[in-house]
Amino acid sequence: MNVSLTVWLLTVAGLCVLVAADFFIGRKPHDVSIREAGIWTAVWVVLACLFGVGLLVAAGGAPAGEFFAGYITEKSLSVDNLFVFVLIMAKFAVPSQYQQRVLMVGVIVALVLRAAFIAAGAAIISAFSWVFYIFGAFLIWTAWKLVQDARKGGHDEEYEENKLLKSIEHRFGVADRYHGTRLWIEENGKRVMTPMLVVMLAIGSTDVLFALDSIPAIYGLTQDPYIVFTANAFALMGLRQLYFLIGGLLKKLVHLSYGLSIILGFIGVKLVLHALHESGVHVPEISIPFSLGFIVLVLAVTTVTSLVAARKQEERGV
């Protein structure tokens, strides 16, 4: 797609308006009900679908197909990321009424970080076509690691703070309790961070690791930076509501990591084939319609088998 600077600016402005509206609606700390989370999750999904339809009308079926394939992939990876968010919330004992504020700031930080990663990825791809080999190999390795973590019950582990976060806590100090939504307070004549700020930093820094998986994955489906950015943005912007909607169901998605490993492995192979094709080797390339169908099928099968397995575990527990 040949996207003009005007379209880029209008798109970013529109997304900023949506983020501001979302922040305004959820600005008052409160416990988010299933009904509220369900309504706003549906709103974000509908907005993403409308954007995809707009691409279909304005640019044709290929860009629209790439957007939907990228959006579904990023959304499914985001659901897996919610497992880590749950662990972070539990680690820092975040009061339920403040969790949506933490997630909102986390999403904003994630959008900024993803934009930087997307720009860097686009620059690298345009300069070095062989980077597809690295992306492909990395996704295949990530798929294997997901399977290994799933077998070890990786989502049952406790969240461990990274070294950067620990050094920041040591440098500034942390209050012993939450002070509403305040990020800094005066304590014994010293300005220290509140646990609220620490949680936000934990989620923001964790998203850097998430981006290492998701950005190569979506570049395996499309090399258009505009589609990569918008698919990531729409997938992330409904993450806060999705957290409250399916928070209780996350433990039932016992096969999600296996499904994601299949998807990432598939995209990794697709990237390697594309790199070989770019190098002049006559190999078959995987089309976007096939990729979209494969991703949807894997997620559907994974969800069904997860719910069946979870039900059997509950029956055995009873």
Side-chain angles (χ1 to χ4, degrees), residues 1-5 7-8 10-12 14-15 44-79 111 114-115 117-126 129 131-136 138-140 142-143 210-239 259-260 262-278 283-300:
M1 285 174 56
N2 185 18
V3 181
S4 66
L5 178 60
V7 173
W8 266 105
L10 288 174
T11 301
V12 172
L15 292 174
W44 287 115
V45 171
V46 169
L47 287 173
C49 291
L50 290 175
F51 182 84
V53 172
L55 276 180
L56 176 65
V57 174
E66 292 176 358
F67 170 79
F68 281 116
Y71 171 72
I72 293 172
T73 299
E74 293 300 312
K75 200 70 173 178
S76 59
L77 288 170
S78 296
V79 171
L111 283 171
R114 295 296 175 91
F117 273 98
I118 290 166
I124 293 172
I125 288 172
S126 63
S129 60
V131 78
F132 286 115
Y133 288 111
I134 298 177
F135 281 1
F138 178 76
L139 288 180
I140 293 171
T142 303
F210 295 159
L212 292 178
D213 296 340
S214 64
I215 299 303
I218 194 170
Y219 268 119
L221 298 169
T222 175
Q223 284 82 60
D224 191 313
Y226 183 78
I227 296 177
V228 172
F229 174 72
T230 51
N232 265 275
F234 278 107
L236 285 172
M237 287 164 63
L239 193 58
L260 291 177
I262 293 172
I263 292 172
L264 291 178
F266 167 78
I267 297 175
V269 172
K270 185 177 184 298
L271 275 170
V272 172
L273 290 175
H274 178 73
L276 289 170
H277 182 79
E278 290 292 310
V283 293
E285 286 204 89
I286 302 173
S287 67
I288 287 298
F290 181 86
S291 299
L292 180 57
F294 181 84
I295 292 168
V296 172
L297 178 63
V298 170
L299 291 175

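Reckoned from all heavy atoms, side chains included, excluding hydrogens, waters and symmetry mates.
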Kindly compute the distance separating [atom1] ([X]) from [atom2] ([Y]), expressed to the nearest 0.5 Å.
| X | Y | atom1 | atom2 | value |
| --- | --- | --- | --- | --- |
| Glu66 | Asp224 | CD | CG | 7.0 Å |
| Phe234 | Lys75 | CZ | NZ | 10.5 Å |
| Ile72 | Leu292 | CD1 | CG | 5.0 Å |
| Leu139 | Ile215 | CG | CD1 | 11.0 Å |
| Ile288 | Phe67 | CD1 | CZ | 13.0 Å |
| Ile263 | Phe294 | CD1 | CZ | 7.5 Å |

For Thr230 and Tyr71, which I'm curious about, is there any donor-acceptor pair between the side chains at under 3.5 Å?
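Side-chain D/A pair, Thr230 to Tyr71: absent.
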
[X] versus [Y], closest heavy-atom pair with distance:
| X | Y | answer |
| --- | --- | --- |
| Gly70 | Ala231 | C-CB, 4.0 Å |
| Ala69 | Leu221 | O-CD1, 3.6 Å |
| Ala233 | Leu15 | CB-CD1, 3.8 Å |
| Ile286 | Ser291 | CG2-OG, 3.5 Å |
| Asn232 | Ile118 | ND2-CD1, 4.2 Å |
| Leu77 | Ala217 | CD1-CB, 4.4 Å |

Do Thr222 and Val228 come within less than 4.5 Å of each other through their side chains, counting heavy atoms only?
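A side-chain contact exists here, since the closest heavy-atom pair is under 4.5 Å.
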
In residues 264-276, what donor-acceptor pairs under 3.5 Å come from side-chain atoms, sequence neighbours left out?
residue	atom	partner	partner atom	Å
Lys270	NZ	Gly220	O	3.0
His274	ND1	Glu285	OE1	2.8

Evaluate the ring planes of Trp8 and Tyr226, with Trp represented by its six-membered ring, and classify them as parallel (under 30°), tilted (30 to 60°) or perpendicular (over 60°).
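Answer is perpendicular, since the angle exceeds 60°.
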
Short question: side chain of Tyr219, backbone of Phe135 - any donor-acceptor pair under 3.5 Å?
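The answer is no, because no donor-acceptor pair under 3.5 Å joins these two groups.
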
